[in-house]
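Here is the naming used below: chain letters follow the sequence lines, and residue numbers restart at 1 for every chain.
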Amino acid sequence: MRKIIAIILSICFLGSVSFAKKDTIKIGAIYIFSGFAATYGQFAKQGLLLAVDEINKSGGILGKKLEVYFEDSHAKPDIALRAIRKLVFEKKVDFLVGFDSSGVAKSVVSYIKELKIPTIITHAATPDVTGKQCNKYVFRVSVNINQNVMAAAKIAAKTKAVKWTTIGPDYAFGHQSWEYFQKYLKQLNPKAQFMKTVAFPKVGTEDYTPYITSIMAANPDGVFISLWSGDLINFVKQARKMGFFDKGYTILMSLGAATEVLYALKDQMPTGIWVGTRYWFLANDSPVNRHFVEAYKKRYGVYPSYNAQNAYAAIYALKYAIEKAKSTDKEKVIKALEGLTFEAPAGKIYIRPGDHQAILNVTWGKTAYDPHYPIRILKPMVIFKGEEVTPPVSATGCKME
Amino acid sequence: MTPVLKVEGLTKCFGDFCAVKNVSLEVMEEEIVALIGPNGAGKTTFYNVVTGRYKATSGRVIFCGKEITNLPPHRIVKLGLSRSFQITNIFLENTVLENILAPILIREGLGLSFLKNLHKCKKQLEEVYNILELIGLSDKANVPASLLAYGDKRAVEIGIALATKPKMVLLDEPTAGMTPVETDRMISLIKKLFEETKISFLITEHDMRVVFSIAKRIFVLHQGELLASGTPEEIRANPKVREAYLGGSVDA
Amino acid sequence: MKRAFYALFLVFLFVFPFFSGMFALLFATEILILSIFALSFNLLFGYTGLLSFGHAAFFGIGGYAAALLAYHTHMGFIPILLLSAAVAFFSACIIGFFCVRRDEIYFAMLTLGFGMMVFTVVHQWRSVTGGSDGLSGFSLPELSLLFTKFSISPPKTFYFLTLFFFLATLLFLKRLLDSPFGLIIRSIRENPERAAFIGVNVNFYRWVSFVIAGTLAGVAGVLFVFYDRMASPSMVHWTMSARPVLMTILGGARSFFGPVLGALVFYILEYIVTQFTENWMIFLGCILVPIVIFFPDGILGSLERWIARRRSGE
Amino acid sequence: MSEITLINLLNGFCYGMLLFIISIGLTVIFGVMGVLNFAHGSFYMVGAYLALTIIEKTHSFWLALVLAPVLVGVLGTLTEVLFLRPLYGRDVSFQLLLTFGLLLILDDGVKLIWGAGYHSVDAPRLLSGTVNIFGTSYPIYSLFVAAAGPVVALVLWLFFTKSTYGKIIRAAAMDREMADALGINVPAVYTAVFFLGSFLAGMAGVLAAPLRAIGPSMGDKIIIAAFIVVVVGGLGSFPGAFLGAVILGLVEAFGVQFVPKIQMALPYILLAAILLLRPKGLLGREG
C-alpha cells in the first residue's frame with residue numbers, strides 16, 4: 001500500500017521539480033518505433049546516437065554534454081503530441097528533433113509554436129511545415145516533397161513515357177506527391193498525360209494485388225510510386241510476382257532508395273527502375289560522408305539509411321548553431337539556425353531563413369546489382385543541386401513572423 | 001361469463017416438426033384452468049406462442065377481446081397477460097424488492113424517469129410490500145435473489161408475474177423440482193392468490209395431485225394436439241387420456 | 001469510511017493542480033477525460049449488459065464535430081460542446097437503433113462494424129476530415145461564463161473544466177442508476193428475456209441507454225479534441241474502442257467507480273511500463289488475462305467483495 | 001468480360017481462399033465451443049513468423065508448411081487448457097476479453113522475438129514464376145493458395161462427415177449435455193477443436209508468408225476480415241465460411257476497380273447489412 005502511495009505521489013509531482021542540470025543540453029527525439037514503419041525509428045535512433053556520442057566524446061557543445069530522450073510516435077499525431085508533452089514538461093528538453101510522418105508533423109507544429117521549443121524535422125516531407133504552416137520554431141534539415149518530386153519530374157521528362165499514373169499511400173503525403181508530380185512534369189513536358197486510373201491504398205494495406213491489377217489493366221507508360229517502408233516492401237513483393245516490373249513501364253519510386261527497404265527486399269528489388277531518396281550513402285565522396293558511412297557500418301553492421309543521416313545531420317546542425325550563438329538560449333539558437341550552412345554527410349546543407357527549409361542535393365538513380373553490396377545500389381546516379389529543385393520562398397506560402 | 005383468453009386453431013411448426021397443432025381453447029374470467037400432457041406434448045411451446053416469445057405459424061390468440069397474435073411479449077404483458085417460467089427465470093443479482101419493483105414501475109410508465117430516486121417511489125414500494133406479504137417474502141426484501149432458497153425463488157417468479165397487475169397469469173409448472181413441503185406451500189399460495197385477486201390462471205403441471213386440487217377445468221395436450229377437455233372427473237374417466245399417458249412417456 | 005474516502009478524493013482533485021507539475025496536470029486531465037469515456041461505456045456494458053466494441057465512434061464523432069466547428073466558426077466553447085453533443089446524440093440514435101436489436105457477440109460485432117464504418121468515413125473523407133492526418137491547427141474556442149470570456153488553453157483552466165464535466169458525469173450517472181430507469185436496465189442486464197415478460201420493451205430501453213452512453217462519449221470526445229488540439233482518426237479506430245473496455249474490466253464493471261479506477265490504473269501502468277520498455281501492450285495483456293480469469297469483478301469489485309467478506313467474517 | 005474483371009475475379013478468389021483457411025479455423029472453434037477467438041489473427045501471424053524462422057534455418061517452405069501449423073496448434077491447445085477452461089459457463093464477454101488479452105501479448109511478443117521490422121520470405125522454387133492467364137502473367141504461387149482453399153475444405157468435410165472423431169466433434173457441437181451423457185469426453189473434444197482451429201490459422205500464416213510482408217500488425221488486420229467472413233457466412237457454418245470468404249475477397253478486389261473511394265468501408269457495410277437483414281448469416285442455422 002505504501003508503495004502504491006509513493007508511486008501515486010511521485011506521479012503527482014512529475015515535472016514539478018526541475019532536474020535540469022546546467023551542464024547538459026537535453027534533446028527529445030520522436031520517431032516511429034513500432035508498427036509498420038518501426039525501422040525508420042531504429043535507423044534514426046542509430047544515426048542520432050552516433051552523432052551524440054561523437055560530440056560528447058569530443059567534449060560536448062560549449063563544454064556541455066548532450067542527453068537524448070526517445071519517444072515513440074506510433075506514426076500517430078495524437079500519440080506524438082503526448083510524447084512532446086512528456087519530453088517538454090517532464091524531461092525538460094531544450095530542443096526537439098524527429099517526426100517521420102507528414103501527418104504527425106503537420107498536426108503538431110502549431111502546438112510546438114505554442115510551447116516555443118525549437119524543433120528540427122528530420123524526415124517528414126510535407127511542404128506545409130515549411131510552407132503555409134511554417135513558424136519560427138520549426139526547421140527542417142531534410143528533403144521535402146517539393147524537392148524530391150521536382151527531381152522525379154525532371155527524370156520523368158527525359159523518359160519516353162507519356163501516360164502517367166501513380167500508386168501512393170492514401171493520406172496527404174501520397175496525394176500531395178502525385179499533385180506536385182503532375183504540376184512539375186506538365187511544366188517540363190507539356191505532352192505528358194495523367195491517367196484517371198490511380199491507386200491510393202490505405203497505409204498498412206496487406207493485399208496490393210487489386211491495385212496492381214487495376215494499374216496494369218490501365219496500361220500506362222510510366223508509374224510514379226510514393227509508397228514507403230513496409231508498404232513499399234509489400235507492394236514490390238506482390239508486384240514482382242504479378243509481373244508488374246516486366247511490362248516495360250517507366251517506374252519512379254520516390255522513396256525506393258531507402259536502405260531499410262533495400263535491405264528487407266535484397267534481390268527481390270528489381271533492377272533498372274528509378275528510385276529516389278533523401279540521402280544516398282554513395283552519393284557524396286566527401287570526408288564527412290566517408291567518415292559517417294564507415295563509423296555507421298562499423299557500429300551497426302549496415303549501411304546508413306537516409307533517416308539515419310538526417311538525424312545525424314540534425315544533431316550537428318544544433319551543434320553548429322549553438323556554437324555560432326555561443327549560447328543554448330532558445331531564441332539565440334533559432335537566430336543562429338536561420339541561414340546556417342554546414343557540411344553533413346549528405347553534402348552542404350543551407351537552412352533558408354525565409355521558410356526554415358534546408359537546401360541540399362537530391363539524389364535519384366537506377367537500381368542495379370553490385371557484388372560488393374548486399375543490397376541494390378544506384379547506377380547510374382543523378383544528383384540535382386538543391387537550388388534547382390527548390391521553389392522560391394515566395395512560392396511556398398510561408399509567412400514567417 | 002366471458003372468455004379472457006381465446007385461442008383459435010393455434011399451430012407452431014419448427015421446419016417440418018409441429019410442436020403445437022391446431023389448438024383451440026378458452027379460459028373464462030375468474031377461472032383456474034390446467035393444461036396437462038406428457039413431456040414433449042407442446043405445453044411450453046403453447047405458452048411461448050401465446051405470450052409472444054415465438055411467432056405462431058397459424059391461428060389466433062385473442063385476449064380480452066383483442067387479438068394479440070404475434071405481438072411482442074412486452075405489449076402482451078401490458079395488456080394484462082403475464083406468465084411464469086418452468087425454469088426459474090428471475091433477476092438474480094437484483095434484490096427481491098427490485099425484482100418485484102421493476103414490473104410495477106414499467107406498468108406505471110415510470111421506466112424513463114431518469115432522475116427520480118427509487119426510494120422516492122413511495123406508492124410503488126408500498127405495492128411491492130403488499131405483494132411480498134402475499135407471497136410470504138416480506139422479511140427478505142433486501143436479499144439478492146440469487147441467495148434465496150429454491151422455493152422462495154419460485155415464489156418471486158410468481159410475485160413478478162403478479163406485479164404486472166395481470167388479468168390472467170400463465171404458470172408453467174410452478175412446482176417443478178420442488179420438495180413435497182414446498183409444493184404444498186405453492187399450492188396454497190396459488191389458491192390464496194386466486195381467492196384474493198380473482199385473476200384467471202392457466203397452469204401447466206406434471207403433478208396430478210396439484211392439478212386435481214386446483215383446477216376447475218383441465219385441457220389435455222398430446223403430441224401438440226388438444227386431446228380432451230373437461231372437469232377433473234371427466235378427464236380422469238377419459239380413456240383417451242389414460243392411453244396417452246400410459247402409452248406415451250411415463251410421468252412422475 | 002467510504003464517504004470519508006470519497007470526500008478526501010474530491011478535495012484532492014481540487015487542490016491537485018496547485019502543487020502538481022505541468023506534466024502531471026496534463027496527465028491527470030487526460031485521465032479524467034478517458035474516465036468520462038469509460039464511465040459512459042460502462043453504462044452499456046456494466047449496467048445494460050451490452051459489450052460494445054465500437055464506442056469510440058461517438059467519442060470520435062463528438063470530437064470531430066467540435067474540431068470542425070472550431071475550425072470553421074468562431075463559436076464559443078459552450079455552443080460547440082452542445083452542438084457536438086447533439087451530433088453524437090443523433091448518430092447514437094441512428095447507429096443504436098440498429099445495434100440494440102442484437103445480443104451478445106452479435107451486438108459486439110455490429111458495434112465493431114458500425115464503428116469501423118465511421119472510421120472509414122473519417123479516414124476517407126479527406127476534404128472534410130483531413131483523412132489520416134486528422135484535423136489540427138484550429139484555435140481553441142473561448143469559454144463564456146458570467147459575461148466574462150476565458151481562454152481554455154492554460155492547462156489549469158482546462159483541468160478544472162474537465163473536472164467539472166467529470167463530476168457532472170458522475171453525479172448524472174449516479175442519479176440515473178438509482179432511478180427507475182437504472183433498475184430497468186439492470187434488470188435487462190440480468191435477464192433480457194424475463195425483462196420482456198414484465199412488460200419492458202427491451203430494445204427500446206437498450207436504445208435509450210445506448211444513446212445516453214453515446215452522447216456522453218461525444219462530450220468526452222469534445223474535451224479530448226481540445227485537450228489534444230487535434231482530431232485524429234485513431235480516436236475512432238476500434239483500438240480506441242478497446243480502451244474503455246480494458247479500463248472497465250481492469251477497474252470493475254459492476255462497481256460504480258470501477259471505470260474511473262481502471263482509467264487511472266491503465267494510465268499509470270502505461271506510464272510506468274513505457275519507462276522501461278516499448279512493449280507496453282504485452283504487459284497490459286499479461287495483466288488482463290489473470291484479471292479476466294481470477295478477478296472478473298476487476299480491482300474495485302474484488303476489493304469491495306474482500307472488504308464485505310472481512311466485515312461479515314468479523 | 002474484360003480482362004481486368006477476370007483478373008480481379010482471380011485475385012478476389014485467391015485472397016478469399018486465404019481468408020477462408022483463417023476463417024474456417026475461427027468458425028470451427030465458434031461452432032463447437034461458442035468462443036469467438038480474438039487472438040485467432042495473432043495465431044495466423046505467429047504461423048507466418050514461424051514459417052520465416054523455419055525457412056531461414058532449413059530453406060524448406062514445405063517443412064514450414066507442415067511444422068509451423070503444428071506449433072501454432074500446440075500454442076492454441078495451451079491457450080485453451082490454461083486460459084479458456086476456467087471461463088466456460090461465464091458470460092461470453094469474458095471469453096472475448098481473454099482472447100483480446102492474448103492478442104495484445106502475442107502482437108508484442110513477436111516483436112520481442114523477431115524485432116519490430118518487416119520480413120519477407122520467397123515462394124518455394126517449385127511455385128515461383130508466373131503463368132499466362134487471360135493474356136496476363138499471373139503468379140503461380142497465388143494459384144497455389146487459391147487451390148489450397150478447396151483442398152482444405154474437402155479434407156475438413158471428409159473429416160467431419162466420415163471419420164469417427166469428426167462425428168464426435170459434431171455431436172459435441174450440437175448439444176454438450178447430450179454428448180456428456182453419451183460418454184464423450186467433452187473437455188478433450190474442446191481441446192482438440194482448439195488445436196484444429198489454431199492449426200488452420202497457423203497454416204494460413206505460412207501460406208500468406210510469401211505473399212505479404214511479415215510484420216507485427218498483420219494479425220490485427222486479418223482478424224477483423226475473418227470476423228466479417230464468419231458473420232457474413234453464418235457463425236459456425238462451414239459452407240458459410242467458404243461463401244463469406246469468397247464474397248469478401250471479391251468485394252475487396254472489385255471495390256478497388258469500381259468504387260475506390262469507399263472500398264475501405266465495403267467490408268463493414270457488408271457486415272452491418274448481413275447482421276441486420278440476416279442476423280444468422282447467409283448460411284447460418286436458424287434457431
Side-chain angles (χ1 to χ4, degrees), chain C residues 45-46 49-54 95 97-99 101-126 189 237-239 242 245-246 248-250 253 273 277-294 296 298, chain D residues 30 34-36 38-39 42 79 82-87 90-112 116 216-217 220 223-224 227-228 230-232 235 260-276 279-281 284:
Chain C
F45 178 61
L50 294 170
L51 173 59
S52 166
F53 258 99
I95 294 177
F97 180 79
F98 295 110
C99 292
R101 270 137 223 281
R102 305 281 170 249
D103 263 317
E104 298 188 332
I105 285 179
Y106 293 96
F107 178 82
M109 301 297 305
L110 203 50
T111 44
L112 180 70
F114 272 108
M116 287 307 286
M117 252 194 261
V118 174
F119 173 77
T120 22
V121 169
V122 164
H123 192 277
Q124 298 299 97
W125 201 5
R126 290 203 322 124
R189 172 195 73 192
H237 199 255
W238 71 268
T239 44
V245 182
L246 294 172
T248 305
I249 293 294
L250 216 54
V273 174
T277 164
E278 277 151 22
N279 301 303
W280 129 255
M281 285 300 176
I282 194 169
F283 193 84
L284 183 65
C286 290
I287 292 176
L288 185 66
V289 166
I291 283 201
V292 169
I293 295 178
F294 300 112
Chain D
F30 181 83
V35 172
L36 196 59
F38 236 120
S42 305
T79 304
L82 295 178
F83 302 131
L84 277 169
R85 276 210 186 156
L87 295 185
R90 272 206 235 154
D91 198 280
V92 281
S93 323
F94 286 103
Q95 293 162 1
L96 217 56
L97 288 165
L98 181 105
T99 53
F100 184 69
L102 288 176
L103 173 146
L104 296 176
I105 295 175
L106 290 174
D107 279 14
D108 255 14
V110 297
K111 259 195 253 172
L112 288 179
S217 50
D220 304 2
I223 187 64
I224 303 284
F227 275 169
I228 295 175
V230 297
V231 171
V232 167
L235 269 169
K261 275 246 143 57
I262 60 156
Q263 175 263 341
M264 223 175 103
L266 287 179
Y268 303 108
I269 294 172
L270 182 70
L271 172 74
I274 289 290
L275 275 171
L276 293 171
K280 295 286 172 191

Taking all heavy atoms of Phe94(D) and all of Val292(C), pick out the closest pair and write down the distance. O-CG1, 3.5 Å
Val231(D) side chain reached by Leu110(C) side chain, heavy atoms, under 4.5 Å: no
Using a 4.5 angstrom heavy-atom cutoff, name the option from Pro267(D), Pro86(D), Gly101(D) with the most pairs to chain C. Gly101(D)
Measuring heavy-atom distances to chain D, does Leu246(C) have an atom under 4.5 Å in its side chain, in its backbone, in both, or in neither? side chain
With respect to Met281(C), which candidate in Leu104(D), Ile105(D), Asp107(D), Leu103(D) satisfies the side-chain contact (heavy atoms from CB on, under 4.5 Å) definition? Leu104(D)
Atom pair CG (Leu102(D)) and CG (Leu288(C)), whose distance is rounded to the nearest 0.5 Å: 9.0 Å
How close do Leu36(D) and Ile105(C) get, heavy atom to heavy atom, and via which atoms? CD2-CG2, 3.5 Å
Under 4.5 Å heavy-atom distance to chain C, tell me which part of Leu96(D) shows up: side chain, backbone, both or neither. side chain
Whatever's closer than 4.5 Å to a heavy atom in chain C on Ile269(D) counts as both
Working to the nearest 0.5 Å, report the span between CG of Leu112(C) and CG of Leu271(D). 7.0 Å
Give, for atom OG1 of Thr248(C) and atom CG of Leu97(D), the distance between the pair rounded to the nearest 0.5 Å. 9.5 Å
Arg101(C), Met109(C), His123(C): which one forms the most heavy-atom pairs within less than 4.5 Å of chain D? Met109(C)
Is chain C contacted by the side chain of Ile224(D), its backbone, both, or neither, given a heavy-atom distance below 4.5 Å? side chain
Between Arg90(D) (side chain only) and Ile293(C) (backbone N and O only), is there a donor and an acceptor less than 3.5 Å apart? yes
Examine whether an atom of Ile282(C) lies under 4.5 Å from a heavy atom of chain D, and if so say whether it belongs to the side chain, the backbone or both; otherwise answer neither. both
CZ/Phe114(C) to OH/Tyr268(D) distance, rounded to the nearest 0.5 angstrom? 14.0 Å
Ring centres under 6.0 Å, that's the criterion: do Phe227(D) and Phe53(C) meet it? no
Check whether Trp125(C) gets within reach of chain D through its side chain, its backbone, both or neither, counting any heavy atom under 4.5 Å. neither
Side chain / backbone / both / neither for Phe45(C) at chain D, heavy atoms under 4.5 Å: side chain
